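Just below is one structure, and these are the notes that go with it.
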Amino acid sequence: MKTRQVSVLFPFFHRKRKEEHIFAPMGGEVTPIEDVPDPIFSKKMIGDGVAIRPIEGRVVSPFDGEVIQIFPTKHAIGLRGESGLEILIHIGLETASLEGKGFETIVQAGDTVKKGDPLIRFNLEFIKANAADTITAIIITNGELVKSLEKSTGVEAVAGQTEIMRACL
């Protein structure tokens, strides 16, 4: 009598894990989120992630996905990757009070984007002069999906090219 192995009885053993590779949305030094001088970010109240001290005034898409939200003050944008992972890119600290001055959005909510596509332009010198800080938080907002998260900090990132996080879902 021949025996047959049936793996469909235990599909959870063969389930492929999804990964989302998150690339730098701007050029600059990648720092730990715990170093952001605002407890909302440093204490991970919104979620885990990293921060970048920008050296340029542009934000590009960190992965292929969809724009799910642009704040009316243009200082932050929410994206959903193909894996379902959602991130928030928050440019600077206390930048909402600028009421959109110094920011220009290039995309709209609902737009499909590819890694490296331009999302927002901002006047870095204006932000330096008028906001509390230019440090930009890149936060995973639906972290309950994440099984493991690898972060690259202490590196000088190139927008759209340097992988800053890898999330396994």
Side-chain angles (χ1 to χ4, degrees), residues 18-33 36 38 40-41 44 46-143 145-146 149-153 155-167 169:
K18 289 192 270 184
E19 278 190 344
E20 190 72 67
H21 298 264
I22 303 162
F23 293 83
M26 60 181 49
E29 182 188 350
V30 183
T31 62
I33 196 68
V36 175
D38 183 328
I40 292 194
F41 299 113
K44 303 178 186 177
I46 299 171
D48 201 356
V50 298
I52 296 179
R53 291 212 168 269
I55 57 170
E56 60 188 345
R58 69 182 183 124
V59 177
V60 302
S61 183
F63 49 48
D64 296 348
E66 175 188 5
V67 178
I68 55 175
Q69 180 181 17
I70 297 178
F71 286 62
T73 51
K74 304 174 188 174
H75 74 288
I77 187 168
L79 303 166
R80 181 182 303 118
E82 293 178 335
S83 69
L85 188 76
E86 296 179 0
I87 66 164
L88 170 72
I89 302 170
H90 189 283
I91 304 163
L93 300 180
E94 298 180 26
T95 47
S97 64
L98 300 176
E99 300 177 340
K101 291 182 190 104
F103 296 94
E104 177 191 356
T105 54
I106 299 164
V107 293
Q108 299 176 27
D111 285 356
T112 299
V113 292
K114 295 285 188 193
K115 177 181 74 112
D117 284 353
L119 304 175
I120 297 173
R121 281 191 280 272
F122 61 96
N123 183 323
L124 184 58
E125 294 307 313
F126 180 81
I127 304 303
K128 283 180 183 177
N130 295 285
D133 202 316
T134 61
I135 195 162
T136 298
I138 300 96
I139 304 295
I140 296 171
T141 56
N142 60 348
L145 299 179
V146 178
L149 180 63
E150 294 177 30
K151 305 176 198 180
S152 297
T153 58
V155 297
E156 200 63 37
V158 176
Q161 296 180 25
T162 306
E163 185 174 299
I164 59 171
M165 290 187 282
R166 181 179 304 157
L169 290 79

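Just so we're clear, the structure is a prediction, and the values are computed from it rather than from any experiment. Residues take their numbers from the sequence shown, with the count starting at 1. Side-chain atoms are counted along with the backbone in the values below, which use heavy atoms only and exclude waters and symmetry mates.
For the atom pair CG (Leu98) and CZ (Phe126), the distance works out to 5.5 Å, reported to the nearest 0.5 Å. Distance check, rounded to the nearest 0.5 Å: NZ of Lys18 to OG of Ser83 gives 6.0 Å. Interatomic distance, CD of Glu82 versus NZ of Lys115, reported as 12.0 Å (0.5 Å rounding). Rounded to the nearest 0.5 angstrom, Leu145 CG and Leu85 CG are separated by 7.0 Å. Here the straight-line distance linking atom CZ of Arg58 with atom CD1 of Ile106 works out to 9.5 Å at 0.5 Å rounding. Between the OG1 atom of Thr95 and the CG atom of Asn130 there is a distance of 11.0 Å, given to the nearest 0.5 Å.
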Which is it for Lys74 and Ile120 under the side chain to side chain contact (heavy atoms under 4.5 Å, CB included) test, yes or no, and what are the steps along the way?
-> CA-CA 8 Å; Lys74 304 174 188 174; Ile120 297 173; 5.6 Å; no
Assess whether side chain to side chain contact (heavy atoms under 4.5 Å, CB included) is satisfied between Val30 and Thr162, documenting all intermediate values.
-> CA-CA 10 Å; Val30 183; Thr162 306; 5.6 Å; no
Residue pair Leu79, Val67: steps toward the side chain to side chain contact (heavy atoms under 4.5 Å, CB included) verdict = CA-CA 5 Å; Leu79 303 166; Val67 178; 3.8 Å; yes
For the pair Arg121 and Glu104, evaluate salt bridge (Lys or Arg N to Asp or Glu O under 4.0 Å) and give the outcome as yes or no after the intermediate values.
-> CA-CA 5 Å; Arg121 281 191 280 272; Glu104 177 191 356; 3.3 Å; yes
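Across all their heavy atoms, Lys151 and Leu149 have their closest contact at CE-CD2, 3.8 Å. Annotation for Phe63 and His21: closest pair CB-O, 3.7 Å, computed over non-hydrogen atoms. Shortest non-hydrogen contact noted between Ala76 and Leu88 is CB-CD1, 4.0 Å. Contact record, Thr73 with Glu99: CG2-CA, 3.9 Å, taken as the closest heavy-atom pair. The two residues Pro25 and Ile164 have their closest heavy-atom pair at CD-CD1, 3.9 Å. Closest heavy-atom contact between Gly92 and Thr136: N-OG1, 3.6 Å.
Side-chain N or O atoms of Glu56 include one that pairs as donor or acceptor with a backbone N or O of Gly27 at under 3.5 Å.
Using a 4.5 Å heavy-atom threshold, the side chains of Thr31 and Thr153 count as separate. Put simply, the side chain of Val107 does not reach to within 4.5 Å of the side chain of Thr105, judged on heavy atoms. With contacts defined as side-chain heavy-atom distances shorter than 4.5 Å, the pair Arg53/Asp133 qualifies. You'll find the side chain of Lys44 reaches within 4.5 Å of the side chain of Ile33, heavy atoms only.
Counting heavy atoms of neighbouring residues, nucleotides and ligands inside a 6.0 Å radius, atom CD of Glu156 exceeds 12 of them. The number of heavy-atom neighbours closer than 6.0 Å to CD1 of Ile40, taken from other residues, nucleotides and ligands shown, is 12 or below.
Taking the six-membered ring where tryptophan is involved, the planes of Phe41 and His90 are tilted, since the angle between them lies from 30° to 60°.
With salt bridges taken as basic N to acidic carboxylate O contacts below 4.0 Å, one links Arg80 and Glu66.
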